[in-house]
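All values derive from a computational prediction rather than experimental measurement.
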Amino acid sequence: VIAPDGKELVFVQNRDRDVASSTNSDLWAVPLGKDFVPAGQPRNLTAKNLASDVAPRFSPDGRFLAYLAQRRPGFEADRWEIWLHDRVTGQYRSLTENVDLMAHELAFSDDGQRIFFVTSVKGRRAIMSVDISGKQPPVEISPGDASELRLVRGQSGPALYFTRSSLQRPPEVYRVDLDAMGKAIGPASQVTRQNDPLLAEVRPGPASQLFARSQDGLTLHSHVVTPPDFTPTQKYPAVILIHGGPQGAWEDQWHWRWNAQMFAGAGYVVLMANPRGSEGFGQKFLDQVSGDWGGKPYDDIMKLVDVLAQQPYIDPKRIGAAGASYGGYMVNWIAGHTDRFAALVSHAGVYDLRSMAGET
């Protein structure tokens, strides 16, 4: 990113000797001269943090530099906090230190007093904002999957543009109008309808949520997508989709590889499980997959399968499971621990952790 006055470029780079075993990416600033030609050597703005620093964004007046940072070196799934660097005083501080949210996609408000970001919240995403004082908790601007945040000032005032999708339709551009304080004026409105002609030719299946209770008393979440002509009085086969990562999540968003509608369109009820290690349920819940890939996450998935199998429209003898990467690891694990599934699909599944560690 280039500073508003055009005199500085800030970029992200990891300069550790062994990059493969390091997450220590830093923000580097280099002065710019005429025609944006570098006029000096880069200096490290985040040298004190040995974990990851990424996604720099300048405030409109250039005084502040916001970015995302983690605290635990070497742990790529640590919580991303929003940090603010005051380029006048030299101060650094976290705006979300005391909020158990994982921040993504930063964008400053028009007056530079608020920062918009995207976060996962219990199986769904939302656009939120936080004031640069950090004294107030973040507030929700608009619910729903969002990315590519862009603030645009129009004749009627500032507006936040972004792409949004769901389990039932691919991304389109949306906007939320904002007041002078950076708060939403009404719900998000759809700007583009690029996919309408194609969607007119298909019938996406309905989406809902299903919950279960873990062995240690936690509420477990999953998404369910049913066939387009779903009839509750009929019996359907089911497929359990297991996400990779292992840290990640199934959310109410369009997926280009593991698309639930493709399975539902073939006549399956689809359950997208969010077991231990899933983002959006707190950092502790996310951390509990570490060192326990086949333990609590396996139990969580089985609890969700139990609830699904009890539904009157599910044929319990025709339930399959599929996943890729860590999802494939879990499918492999399932194959060695239970025979309740009629079919298993392990795509690019991890099967030798020592070999994987040496190659990653």
Side-chain angles (χ1 to χ4, degrees), residues 46 49 51-61 63-72 75 77-86 89 91-151 157-162 164 174-188 209 218-219 221 247-249 251-253 274 278-288:
T46 55
N49 183 26
S52 189
D53 304 284
V54 299
R57 297 289 185 272
F58 282 104
S59 61
D61 63 3
R63 174 170 178 172
F64 297 103
L65 182 70
Y67 61 98
L68 298 175
Q70 297 177 326
R71 291 180 182 265
R72 287 179 282 181
F75 185 45
D78 196 17
R79 182 164 65 96
W80 291 107
E81 298 177 29
I82 301 175
W83 279 74
L84 196 70
H85 170 43
D86 189 328
T89 66
Q91 181 188 30
Y92 290 81
R93 52 193 171 88
S94 172
L95 302 183
T96 57
E97 178 179 6
N98 299 317
V99 183
D100 196 4
L101 293 174
M102 182 91 75
H104 307 280
E105 296 271 351
L106 304 182
F108 268 97
S109 63
D110 202 41
D111 62 2
Q113 297 303 300
R114 301 191 71 83
I115 296 174
F116 302 100
F117 65 98
V118 175
T119 188
S120 297
V121 183
K122 297 182 179 179
R124 299 180 182 274
R125 289 213 163 193
I127 302 174
M128 305 188 81
S129 74
V130 61
D131 66 84
I132 64 171
S133 71
K135 295 179 180 179
Q136 301 295 326
V139 296
E140 185 174 297
I141 298 296
S142 179
D145 170 61
S147 60
E148 311 288 347
L149 302 184
R150 296 291 186 276
L151 190 81
L160 192 66
Y161 284 79
F162 51 92
R164 168 170 289 171
Y174 285 73
R175 66 174 282 169
V176 169
D177 293 315
L178 305 171
D179 62 18
M181 301 299 293
K183 296 182 179 180
I185 305 175
Q209 300 178 87
L218 301 179
T219 299
H221 171 273
Q247 296 90 350
E251 295 173 323
D252 187 12
Q253 61 184 189
N274 280 321
S278 298
E279 183 182 338
F281 304 90
Q283 190 63 36
K284 181 180 179 181
F285 190 86
L286 189 77
D287 286 350
Q288 286 181 330

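One side chain, Asp145 or Gln253, offers a donor N or O that lies under 3.5 Å from an acceptor on the other. Side-chain atoms of Arg175 and Tyr161 include a donor-acceptor pair closer than 3.5 Å. A side-chain donor-acceptor contact under 3.5 Å links Gln209 and His221. For the residue pair Thr96/Arg79, the side-chain donor-acceptor check at 3.5 Å is not satisfied.
Side-chain contact between Ile185 and Leu178: absent, with no pair of heavy atoms (C-beta onward) separated by less than 4.5 Å. In this structure, the side chains of Gln247 and Ser278 stay at 4.5 Å or more apart for every pair of heavy atoms. Two residues are said to be in side-chain contact when any heavy atoms from C-beta on lie closer than 4.5 Å; Arg71 and Asn49 fail this criterion. Using a 4.5 Å cut-off on side-chain heavy atoms (C-beta onward), Asp131 and Gln113 make no contact. Counting only heavy atoms from C-beta outward, the side chains of Arg150 and Phe162 never approach each other to under 4.5 Å. Put simply, the side chain of Ser120 does not reach to within 4.5 Å of the side chain of Phe281, judged on heavy atoms. Using a 4.5 Å heavy-atom threshold, the side chains of Pro60 and Asp111 count as separate. When side chains are defined from C-beta on, Leu68 does not count as touching Asp53, because their heavy atoms never get closer than 4.5 Å.
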TODO: Apply side-chain contact (heavy atoms from CB on, under 4.5 Å) to the pair Arg114 and Val139, showing each step before the final yes or no.
DONE: CA-CA 11 Å; Arg114 301 191 71 83; Val139 296; 3.5 Å; yes
Open item on the list: Working note: Leu286 + Met102, criterion side-chain contact (heavy atoms from CB on, under 4.5 Å); need CA distance, chi angles, decisive distance, verdict.
Closed with: CA-CA 11 Å; Leu286 189 77; Met102 182 91 75; 3.7 Å; yes
TODO: Report the C-alpha separation of Glu81 and Leu95 in whole Å, then their side-chain angles, then the decisive distance to 0.1 Å, and conclude whether the side-chain contact (heavy atoms from CB on, under 4.5 Å) test is met.
DONE: CA-CA 7 Å; Glu81 298 177 29; Leu95 302 183; over 6 Å; no
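With hydrogens and angles ignored, the 3.5 Å screen pairs a side-chain donor or acceptor of Asp100 with a backbone N or O of Gln283. Without hydrogens or angle criteria, Ser59 side chain to Phe64 main chain gives a donor-acceptor distance under 3.5 Å. Of the possible polar contacts, one joining the Gln70 side chain to the Asp78 backbone as a donor-acceptor pair under 3.5 Å is found. Ser129 places no side-chain N or O within 3.5 Å of a backbone atom of Phe116 that could act as its donor or acceptor partner.
In terms of heavy-atom proximity, Ala159 sits nearest to Asp177 at CB-OD1, 3.6 Å. Taking both residues in full, the closest heavy atoms of Asp179 and Pro158 are given as O-CG, 4.1 Å, listed atom of the first, atom of the second, then distance. When every heavy atom of Leu149 is checked against every heavy atom of Ala107, the shortest pair comes out as CB-CB, 4.1 Å. In terms of heavy-atom proximity, Arg93 sits nearest to Ser133 at NH1-O, 3.2 Å.
Put simply, CG on Leu65 and CZ on Arg63 are 13.5 Å apart, with the number rounded to the nearest 0.5 Å. For the atom pair Tyr92 OH and Asp86 CG, the distance stands at 10.0 Å (nearest 0.5 Å). Rounded to the nearest 0.5 angstrom, Ser52 OG and Trp80 CH2 are separated by 3.5 Å. The CH2 atom of Trp83 lies 6.0 Å from the OH atom of Tyr67; values are rounded to the nearest 0.5 Å. Distance check: Phe58 CZ to Leu106 CG gives 13.5 Å after rounding to the nearest 0.5 Å. Note: Glu140 CD to Ile127 CD1 = 9.0 Å, rounded to the nearest 0.5 Å.
A salt bridge links Arg124 with Asp252; the closest basic N to acidic carboxylate O contact falls under 4.0 Å. In summary, Glu251 and Arg125 engage in a salt bridge, as defined by a charged side-chain N under 4.0 Å from a carboxylate O. Between Asp287 and Arg72 a salt bridge is recorded (basic side-chain N to carboxylate O distance below 4.0 Å).
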